[in-house]
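Just below is one structure, and these are the notes that go with it.
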2 protein chains.
Amino acid sequence: MARIEADLEDLTARARIRDAAMRLFGEYGFERATIRGIAEAAGVSSGLVRHHFGSKQALREACDAYLVKEIRRMNDEARTDSMRTAANPVGSALAKLGPYQRYLARALAEGWAAPLFDEMVRMSEEWLEEADKARPDPPFASRKARATVGAAMGLTVPILHQHISRGLGVDLATPQGAHLLAVTLLDIYSHPMLTPETAASMRDALEKLRNSPPSSPS
Amino acid sequence: MARIEADLEDLTARARIRDAAMRLFGEYGFERATIRGIAEAAGVSSGLVRHHFGSKQALREACDAYLVKEIRRMNDEARTDSMRTAANPVGSALAKLGPYQRYLARALAEGWAAPLFDEMVRMSEEWLEEADKARPDPPFASRKARATVGAAMGLTVPILHQHISRGLGVDLATPQGAHLLAVTLLDIYSHPMLTPETAASMRDALEKLRNSPPSSPS
DNA sequence: ACGAGCACTACACATGTGTGTAGCATAAAG
DNA sequence: CTTTATGCTACACACATGTGTAGTGCTCGT
């Protein structure tokens with residue numbers, strides 16, 4: 001049995017196929033990535049892909065499930081060595097995602113991987129729970145709502161990776177790019193775009209609009 | 001000539017094809033959307049699509065170019081009636097995007113539409129230029145860097161539309177969903193996740209890591 | 001030793017899709 | 001009226017791709 005190999009180095013053909021699939025799905029997207037391409041990348045025949053996973057769709061779902069498991073593991077790990085992550089949470093999270101970053105981005109952007117996103121929302125909620133303690137005023141929205149939008153915002157980075165790289169002038173995959181991103185995020189997260197007063201007034205205006213909707217015909 | 005029709009109602013076959021393409025590209029993605037499907041949605045033959053646009057790729061580029069033009073127009077419009085947009089910038093921006101929201105999201109997530117993103121960065125820069133006036137401390141990063149990341153974050157909403165809807169428990173397309181999102185964004189944008197002190201210390205830690213990179217083997 | 005099961009391959013099939021070509025109708029220009 | 005251009009359609013081709021089927025060698029249990 002190849003089980004021994006699997007436990008030692010995770011080099012079983014099935015695992016290799018999964019890894020190749022995640023790589024190619026992430027690189028080309030689900031449609032453009034072909035079973036034959038994945039098979040070739042994994043060093044196996046295309047038939048074996050079907051043998052192990054049944055169909056392309058099922059292969060995708062297996063990748064999703066694997067990533068959910070990995071994300072959970074990373075999340076637990078991140079709790080322990082909070083030393084390094086404290087300095088650069090987003091950066092270290094991305095670093096941990098590593099080769100799965102592109103897959104994650106594609107999966108979310110294409111609308112799959114609902115459980116993955118929900119898991120990250122849950123992680124954000126835990127983070128927020130702590131942050132809320134140091135907050136005097138009542139939030140405008142529920143913790144879950146804020147965690148959802150917050151998580152989504154964090155996921156922007158891997159999803160729009162190349163656009164952001166272009167905007168920053170450095171590839172985010174390089175140390176320089178990662179550093180610049182981290183500093184920029186630090187600035188954004190520590191400087192509110194709106195003052196409490198303007199926010200309150202906007203909120204009031206919003207409530208007024210809610211009762212008397214604008215005259216748009218839609 | 002059908003030019004008269006075009007100027008009056010934008011109902012020329014070419015425009016109908018473009019609109020149908022943007023809708024289907026947005027709904028299904030570039031690969032899964034077929035020329036035949038687009039042709040059917042536009043009420044024309046599949047050959048006409050090719051006749052007008054040459055190829056599927058060129059059709060996509062035409063859609064991109066059209067959207068850039070539209071975004072520019074919307075941006076100019078937004079400057080005039082700043083009354084309503086002031087209360088809910090993101091919401092009104094999304095409302096303006098309307099049917100093109102999904103296309104924009106797909107285009108960016110799939111890596112096309114670089115000029116589109118860059119245009120939105122430029123818009124963010126203008127926004128930031130004004131905001132920076134009321135800011136005493138020097139920013140951590142250049143305005144363009146902050147505008148890039150900020151724009152990307154804003155674009156999260158249309159890109160992860162369905163995930164956010166699921167997390168909020170309301171479809172963002174409904175007035176209730178839009179309202180909840182607006183309120184949540186207001187809260188996030190008015191409450192920094194980090195205090196200036198922690199941000200400063202994290203920044204220092206980041207600089208230290210920069211000089212002595214972590215022991216990860218990658 | 002031997003048969004059963006599994007990992008794995010080679011090959012064929014059906015189909016959807018982008019693209020190319022030929023042709024028709026309508027209308028403006030001469 | 002004829003000619004020409006153009007918006008538009010119908011049809012066919014080449015090809016890639018997901019999927020299905022048959023077959024082979026190897027390993028393990030008995």
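Values reported hereafter were calculated over all heavy atoms of this structure, with side chains retained and with hydrogens, waters and symmetry mates removed. Letters A, B, ... are given to chains in the order of the sequence lines, protein chains preceding strands, and every chain is numbered from 1.
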- Rounding to a whole Å, what distance do you find between B:Glu31:CD and C:dG16:C1'? 14 Å
- Message: Please verify the inter-ring angle class for B:Trp112 with B:Phe30; under 30° counts as parallel, over 60° as perpendicular, anything in between as tilted.
- Response: perpendicular
- First encountered from the 5' end of DNA chain D, between B:Ala13 and B:Ser46: B:Ala13
- Test salt bridge (charged side-chain N to carboxylate O under 4.0 Å, His left out) on B:Glu119 and B:Arg72 and set out the steps. CA-CA 8 Å; B:Glu119 177 70 19; B:Arg72 287 223 173 90; 3.0 Å; yes
- Could you pick out which residue, A:Val49 or A:Arg36, lies toward the 5' side of DNA chain C when each is mapped onto its nearest nucleotide? A:Val49
- Message: So does A:Ile188 get a backbone contact from the side chain of B:Arg146, meaning a donor-acceptor N/O pair under 3.5 Å?
- Response: no
- Message: Using whole Å, what does the distance between atom C1' of nucleotide D:dG18 and atom CZ of A:Phe30 come to?
- Response: 10 Å
- Note: contacts of residues 51-65 of chain B with DNA chain D (heavy atom, under 4.0 Å) are B:His51, B:His52
- Whole angstrom is fine here: how far is it from CD in A:Glu40 over to C1' in D:dT17? 15 Å
- Nearest to the side chain of B:Thr34, which nucleotide is it out of D:dT19, C:dA10, C:dT17? C:dT17
- A:Ile17 atom CD1 is separated from C:dA7 atom P, nearest whole Å, by 11 Å
- Message: The test is salt bridge (charged side-chain N to carboxylate O under 4.0 Å, His left out); show your working for A:Glu125 and A:Arg122 and say whether it passes.
- Response: CA-CA 5 Å; A:Glu125 271 184 285; A:Arg122 227 167 294 135; 5.8 Å; no
- NA contact type, A:Arg14, heavy-atom cut-off 4.0 Å: base, sugar-phosphate, or nothing? nothing
- Message: Closer than 3.5 angstrom, by distance alone: can the side chain of B:Arg14 be matched with the main-chain N or O of B:His52 as a donor-acceptor pair?
- Response: yes
- Query: Roughly, in whole Å, what's the span from CG in A:Leu48 to C1' in D:dT21?
  - Reply: 16 Å
- Euclidean distance, atom CD1 of residue A:Ile38 to atom P of D:dT19 [Å, nearest integer]: 11 Å
- Message: Students often get this wrong, so: under 4.0 angstrom with heavy atoms, is B:Ala33 touching a base, only sugar-phosphate, or nothing?
- Response: sugar-phosphate
- Message: Holding to ring-ring contact (aromatic ring centres under 6.0 Å, His included), I want the full list of residues that pass it with A:Phe53, two or more places apart in sequence or in another chain.
- Response: none
- Task: Ignoring hydrogens and angles, tell me if any N or O in the side chain of B:Arg16 forms a donor-acceptor pair with the backbone of B:Ala42 under 3.5 Å.
- Result: yes
